[in-house]
Amino acid sequence: MSDSMLGRNLALELVRVTEAAALTAGRWMGRGDKEAADQAAVDAMRLVLGSIAMDGVVVIGEGEKDEAPMLYVGERVGGGGGPGVDIAVDPIDGTRLLANGMPNSIATVAVAERGALFESRHVMYMQKIAVGPEAAGAIDINDTVEANLTRIAAAKGRQIPDLTVVILDRPRHEGIIEEVRAAGARIRSIPDGDVAGAVMTAMEGTGIDVLLGIGGAPEAVVAACALKCMGGDIQCKLWPRNDQEWRAVAEHRLDVDRVLGCDDLAAGDDVFFAATGITDGDLLRGVHFHGDGATTQSLVTRSRSGTIRKIDATHRLNKLRQYAAFPFD
């Protein structure tokens with residue numbers, strides 16, 4: 001697809017989307033109201049997406065249409081007159097982190113060519129392993145934790161005890177944690193936010209080498225978009241969590257043994273990913289308010305060019321109120 005269809009300018013348009021979500025959601029930091037924070041981010045994201053010249057369909061969103069006013073799966077967004085694209089949104093990766101005033105909450109959006117993003121409407125969780133560029137090609141989700149860590153360490157020119165593994169703090173991960181400890185690697189436990197965890201594997205200075213564990217399927221697709229842009233690698237397998245999802249597996253003949261890589265989760269030649277920090281974290285600085293303004297830090301990447309940009313922005317709130325239909329107060 002040529003630049004005239006999915007152009008370079010789309011990257012900066014997507015940063016506007018995540019900035020708006022972060023600025024509005026940032027007012028809810030530590031206030032204990034996940035729903036209000038999520039709604040603020042969704043409203044802002046929807047409004048700015050509607051100003052972009054594209055014909056977008058949300059394939060990874062906040063739920064089905066009957067769960068509106070969230071950005072639901074199948075919702076059409078964009079101002080029209082542009083390319084047909086798939087959109088994956090996670091208005092707040094780490095809603096609980098934001099509500100409790102904890103680090104590493106981010107707003108994310110990814111865009112790819114129409115039909116490029118993997119849809120998982122029936123099974124909502126996946127087993128995952130993700131790494132950055134140095135260890136791309138060294139992972140095998142069907143192999144043992146120790147074997148994977150051995151190859152990752154070799155690819156990065158290190159020993160296993162030098163590696164740090166990020167894992168969601170969940171009871172289901174007790175076995176994985178034991179295997180990582182037995183292998184000798186270090187562990188960074190996170191309460192939520194495994195999109196940020198996966199992206200940190202590909203960013204210098206975060207200290208994270210690999211993400212392991214079971215997390216949301218939508219988040220896996222968003223993470224795959226980022227890692228594809230950044231030269232990282234991810235492998236996933238569907239992980240049915242209850243009888244209802246196992247029945248859906250049988251009914252729709254889903255292959256839970258299929259290994260899904262970057263190109264399965266985010267196909268095509270042109271993928272964009274953008275994220276803006278909401279709370280301060282290892283990946284991005286959060287929103288800082290000061291008088292009549294605010295600062296944000298964002299990450300935007302594109303697979304075709306391999307460009308990775310970190311953008312520090314200063315926002316004058318009176319200008320944002322003038323041109324936006326959602327409150328920044």
Side-chain angles (χ1 to χ4, degrees), residues 93-94 96-97 102-104 120 123-204 206-224 226-227 230 232-242 245-246 249 254-262 264-265 281-283:
D93 177 51
R96 184 173 59 165
L97 302 178
M102 300 169 69
N104 289 319
S120 180
V123 177
M124 298 310 297
Y125 280 76
M126 288 184 181
Q127 180 185 353
K128 310 174 187 179
I129 179 170
V131 292
E134 290 178 301
I139 56 176
D140 180 354
I141 199 169
N142 289 322
D143 211 339
T144 65
V145 168
E146 183 177 12
N148 274 292
L149 293 178
T150 299
R151 287 193 300 271
I152 292 166
K156 295 172 76 76
R158 303 183 194 173
Q159 302 297 316
I160 291 179
D162 301 326
L163 300 180
T164 300
V165 183
V166 65
I167 304 174
L168 280 172
D169 183 11
R170 299 289 188 274
R172 62 178 178 263
H173 290 149
E174 290 178 0
I176 292 175
I177 290 171
E178 289 179 4
E179 289 185 71
V180 173
R181 288 173 174 167
R186 307 192 310 161
I187 294 174
R188 172 84 66 85
S189 179
I190 56 173
D192 289 295
D194 69 343
V195 173
V199 178
M200 282 192 287
T201 67
M203 291 291 291
E204 292 185 9
T206 65
I208 300 300
D209 299 292
V210 55
L211 174 136
L212 283 173
I214 296 159
E219 287 83 356
V221 177
V222 176
L227 290 169
M230 301 170 79
D233 199 3
I234 187 170
Q235 290 185 358
C236 302
K237 293 169 70 173
L238 293 173
W239 190 80
R241 56 181 169 164
N242 52 38
E245 291 192 350
W246 276 111
V249 166
L254 303 177
D255 185 359
V256 297
D257 294 319
R258 179 188 175 192
V259 176
L260 300 163
C262 265
D264 301 300
L265 298 168
D282 301 286
L283 180 64

Check: D264 and R258 side chains under 4.5 Å, non-hydrogen atoms: yes
Rounded distance (nearest 0.5 Å) linking atom CD of E219 with atom CE of M124: 8.0 Å
Verdict with reasoning, V249 to L238, per side chain to side chain contact (heavy atoms under 4.5 Å, CB included): CA-CA 10 Å; V249 166; L238 293 173; 5.9 Å; no
Validation row: D282, P103 side chains within 4.5 angstrom (heavy atoms): no
Rounded distance [0.5 Å steps], CD1 in I187 versus CZ in R181: 5.0 Å
Verdict with supporting geometry, R151 and D143, side chain to side chain contact (heavy atoms under 4.5 Å, CB included): CA-CA 11 Å; R151 287 193 300 271; D143 211 339; 3.0 Å; yes
Heavy-atom side-chain proximity of M126 to L265 below 4.5 angstrom: yes
Non-hydrogen side-chain atoms of L149 and V165 separated by less than 4.5 Å: yes
Salt-bridge present (K156, D162; N to O < 4.0 Å): no
Beyond-backbone contact of N148 with D140, side-chain heavy atoms, under 4.5 angstrom: yes
Side chain to side chain contact (heavy atoms under 4.5 Å, CB included) between V210 and I139, worked out: CA-CA 10 Å; V210 55; I139 56 176; 5.6 Å; no
Interatomic distance, N104 atom CG to D194 atom CG [nearest 0.5 angstrom]: 12.0 Å
OG1-CD1 distance between T201 and I129, expressed to the nearest 0.5 angstrom: 10.0 Å
Side-chain touch D209/R186, heavy atoms, less than 4.5 angstrom: no
Short N-O contact, R170 and D192, less than 4.0 angstrom: yes
Rounded distance (nearest 0.5 Å) linking atom NZ of K128 with atom CD1 of I214: 10.0 Å
Separation between CD1 of I141 and CG of L260, rounded to the nearest 0.5 Å: 8.5 Å
Intermediate values then yes/no, side chain to side chain contact (heavy atoms under 4.5 Å, CB included), R241 and R172: CA-CA 11 Å; R241 56 181 169 164; R172 62 178 178 263; over 6 Å; no
